[in-house]
Protein chains: 2
Amino acid sequence: MSDKVARLADVARTAQVSVATVSRYLNNQLQLPDDTATRIRQAIAQHGYQPNPHARSLSLGRSETLGLVVPDIANPYFARLAAAVEREAARQGYGLTLCASLNTQEREREYLARLSRTAVDGIIFVSNHADDGSLRDPINSSNRRIVILDEDIAGVRGSKVFSDNEQGGYLAGRHMIEMGHRQIAFFGGPEAMRSTQARLAGVRRAIEESGEPAELRDIYFGSYSPEHGRACAERFLSSGLGATALLVTSDEIMIGALEIFRREGVRVPDQLSLIGFDDIAPFVLFDPPLTSIRQPVEAMGRRAVDLLIRGLKGEDVDGVVEHLPVELVLRQSVARPPREAITRKTKRP
Amino acid sequence: MSDKVARLADVARTAQVSVATVSRYLNNQLQLPDDTATRIRQAIAQHGYQPNPHARSLSLGRSETLGLVVPDIANPYFARLAAAVEREAARQGYGLTLCASLNTQEREREYLARLSRTAVDGIIFVSNHADDGSLRDPINSSNRRIVILDEDIAGVRGSKVFSDNEQGGYLAGRHMIEMGHRQIAFFGGPEAMRSTQARLAGVRRAIEESGEPAELRDIYFGSYSPEHGRACAERFLSSGLGATALLVTSDEIMIGALEIFRREGVRVPDQLSLIGFDDIAPFVLFDPPLTSIRQPVEAMGRRAVDLLIRGLKGEDVDGVVEHLPVELVLRQSVARPPREAITRKTKRP
DNA sequence: CTCATTTACGTAACCGGTTTACAAAACGAG
DNA sequence: CTCGTTTTGTAAACCGGTTACGTAAATGAG
């Protein structure tokens with residue numbers, strides 16, 4: 001029991017072979033006579049030898065570690081995504097370094113720089129806002145392999161994994177129309193984001209395909225936050241236009257919107273039908289349980305890691321873009337529309 | 001624009017100095033004449049030089065990276081904890097490698113082995129179940145620095161950071177007693193866990209201190225899961241003993257319990273007063289908004305990182321144990337007790 | 001002017017692996 | 001028995017930094 005950690009050289013000396021022999025035996029599955037192999041194994045056990053990862057990384061030029069950039073892990077949606085990514089990375093023998101960008105481009109770039117300087121072999125990048133273009137270049141000029149996950153960043157090369165946002169909007173829209181709604185409202189995320197536009201386009205397609213005289217109105221854009229949800233709901237109620245069904249495009253927005261609807265006494269689904277998006281929050285427990293589009297979070301995380309690692313192993317995955325299928329989870333927040341439109345009670349006491 | 005990444009030697013050559021000079025200029029804040037310093041800066045800029053982290057780690061014997069072992073990042077409580085840890089680590093210039101143990105000791109040990117082999121300088125360990133002793137030795141024999149966070153593991157050396165669970169139980173208990181409750185139920189986590197016992201002890205202390213003839217009954221233990229919450233609630237209702245207030249010691253358990261209470265038509269707080277623990281889930285939106293003990297999650301994460309890094313920097317923090325203060329958040333799930341005890345409606349249709 | 005000290009750097013030895021180039025030994029064919 | 005080939009093994013170069021040690025020149029004190 002020496003106080004120093006055993007090195008390869010110690011093992012080699014004990015096994016009476018050279019370091020190269022031990023190294024090759026360990027890595028290159030070099031065929032060795034039983035005699036020699038046994039001596040090496042015993043020496044390793046005796047010293048409790050574990051290769052020094054820093055040395056290994058330096059020598060190999062890789063570290064078997066991936067980086068995940070995510071806006072905020074405290075957000076349950078990204079937490080789930082991160083969990084899925086971590087699980088798959090671990091399954092494939094990779095470690096995961098986590099970076100929370102806190103939704104600012106500055107931090108995103110900072111992290112990107114850090115990661116490209118840091119010991120990660122590749123990066124999974126999840127952003128949460130429209131890129132003004134200042135993210136594109138640093139990403140592309142990073143010499144790391146990159147997979148864009150969940151939200152597109154225009155002009156970035158590498159592979160990409162998204163949920164099928166358009167289909168999500170479509171499923172929600174179709175369900176509303178089938179339930180008899182003809183006036184549909186939409187609480188979107190940031191207007192410039194691809195996901196927002198795709199979801200909106202999906203609803204539009206559902207309307208067109210139905211052939212019904214359904215109308216999309218009260219379309220609001222803003223951040224994926226409860227604050228925006230509250231603002232949307234207040235604006236929606238005060239506009240009093242009488243949409244009978246509403247697609248809310250994220251859990252966060254939904255949480256804010258529900259607060260206002262509850263405060264103002266809006267009865268769901270009697271007065272207003274509601275469909276959520278994400279379906280991460282425990283909406284079963286809400287009052288009423290919320291019908292929602294569920295994103296394939298686990299699959300997205302898995303797929304992103306898989307693509308990234310395949311890329312690292314030399315497979316050509318550049319330009320691969322995947323849209324994973326979403327699902328409409330039926331609960332109790334959508335009903336047939338009421339006879340008359342919703343009328344607002346009071347703005348605030 | 002060569003295709004090779006610039007090395008320190010390239011910079012040195014261009015700046016017409018030796019590698020040692022550049023390295024020391026970059027690290028040891030070695031004082032250099034403006035002339036030389038400028039040449040070096042220009043050379044660095046010209047090559048777009050970034051130190052190779054693997055080489056740096058090998059040479060320094062550290063990587064400025066911490067490891068976080070957590071049962072499940074998808075769980076909002078641990079997600080918040082992880083977010084806090086990541087934020088503080090980043091603030092102090094450290095990266096964070098994430099490991100989800102999925103609550104099995106096997107994986108915990110596996111990760112521990114991986115981390116002790118991997119390029120992390122220290123580990124923050126969050127476990128979620130009672131240790132049967134098989135975690136203690138691997139942790140102690142790991143040559144990394146360790147901070148135990150959130151849940152104690154007996155016999156582990158290193159520093160530890162917890163929330164003040166006993167105080168949490170106490171605050172909840174005192175509030176219930178002050179509101180007039182004399183029959184208090186307790187849905188605990190795993191019986192063998194320190195946190196569970198501490199919370200229970202806190203309620204006991206509140207009862208003793210009050211001098212009132214209050215009684216603790218319907219004490220159930222189990223996993224931190226909605227399933228356990230459902231089981232607790234069913235057992236509680238069928239026992240029909242008539243506790244009028246209930247402390248539920250985690251969000252997860254609460255979610256399960258609420259499902260049953262809602263299904264069975266238990267009116268909160270008219271029939272039954274409820275206090276939660278953790279206060280991570282959006283309980284404001286539940287019906288009714290839930291009074292809850294809030295754990296100082298951000299502070300815990302910050303503190304753990306801080307202790308770990310201080311330990312890494314040579315400060316003696318072994319044996320330091322901190323209990324961070326919790327907070328009672330008053331909302332609307334606690335009322336004065338009803339005249340008569342709750343009577344169960346039906347077990348199941 | 002001399003000697004001590006500081007300034008401004010350079011040389012080379014590490015850190016601990018992987019891998020290439022090559023030697024010695026063993027083996028087989030002719 | 002000789003020569004080529006395979007097996008088994010070694011020495012040393014490399015990955016790209018950090019840093020102990022050393023030295024030449026400049027500065028300053030006496």
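Proteins get letters first, then strands, A, B, ... in listed order; numbering begins at 1 in each.
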In whole Å, I'd like the distance from the CD atom of Gln31(A) to the C1' atom of dA26(C). 16 Å
Taking the side chain as C-beta and beyond, is there a heavy-atom pair between Met193(A) and Tyr224(A) under 4.5 Å? yes
d(CZ, Arg39(A); P, dT8(D)) in whole Å: 13 Å
Using a 4.5 Å cut-off on heavy atoms from C-beta on, say whether the side chain of Asp121(B) contacts that of Tyr94(B). yes
Evaluate the criterion side chain to side chain donor-acceptor pair (under 3.5 Å) for residue pair Asp150(A) and Ser163(A); output intermediate values, then yes/no. CA-CA 7 Å; Asp150(A) 187 57; Ser163(A) 69; 5.3 Å; no
Okay, side chain of Glu88(A), backbone of Val305(A): is any donor-acceptor separation there less than 3.5 Å? no
Got a donor-acceptor contact below 3.5 angstrom from the Asn27(B) side chain to the Ser23(B) backbone? yes
Asp35(A) has an atom CG; how far is it from atom P of dA26(C), in whole Å? 13 Å
Nucleic acid footprint by protein, nucleotides 17-25 of chain C - heavy-atom cut-off 4.0 Å, B for base, S for sugar-phosphate alone: BBBBB----
Could you check whether Thr36(A) gets within reach of a base, just the sugar-phosphate, or nothing at all, counting any heavy atom under 4.0 Å? sugar-phosphate
Starting at CG of Leu32(A) and ending at C1' of dT8(D), how long is that distance when rounded to a whole Å? 8 Å
Atom-to-atom span, NE2 of His47(B) to P of dG16(D) - whole angstrom: 14 Å
Please report, rounded to the nearest Å, how far the C1' atom of dT7(D) is from the CG atom of Asp34(A). 15 Å
Nearest whole Å is fine: how far is dG10(C) P from Tyr25(B) OH? 15 Å
Expected output: side-chain Arg107(B) to main-chain Leu102(B) donor-acceptor under 3.5 Å: no
Take the protein atom CG of Leu58(B) and the nucleotide atom C1' of dG17(D), then report the distance between them rounded to whole Å. 8 Å
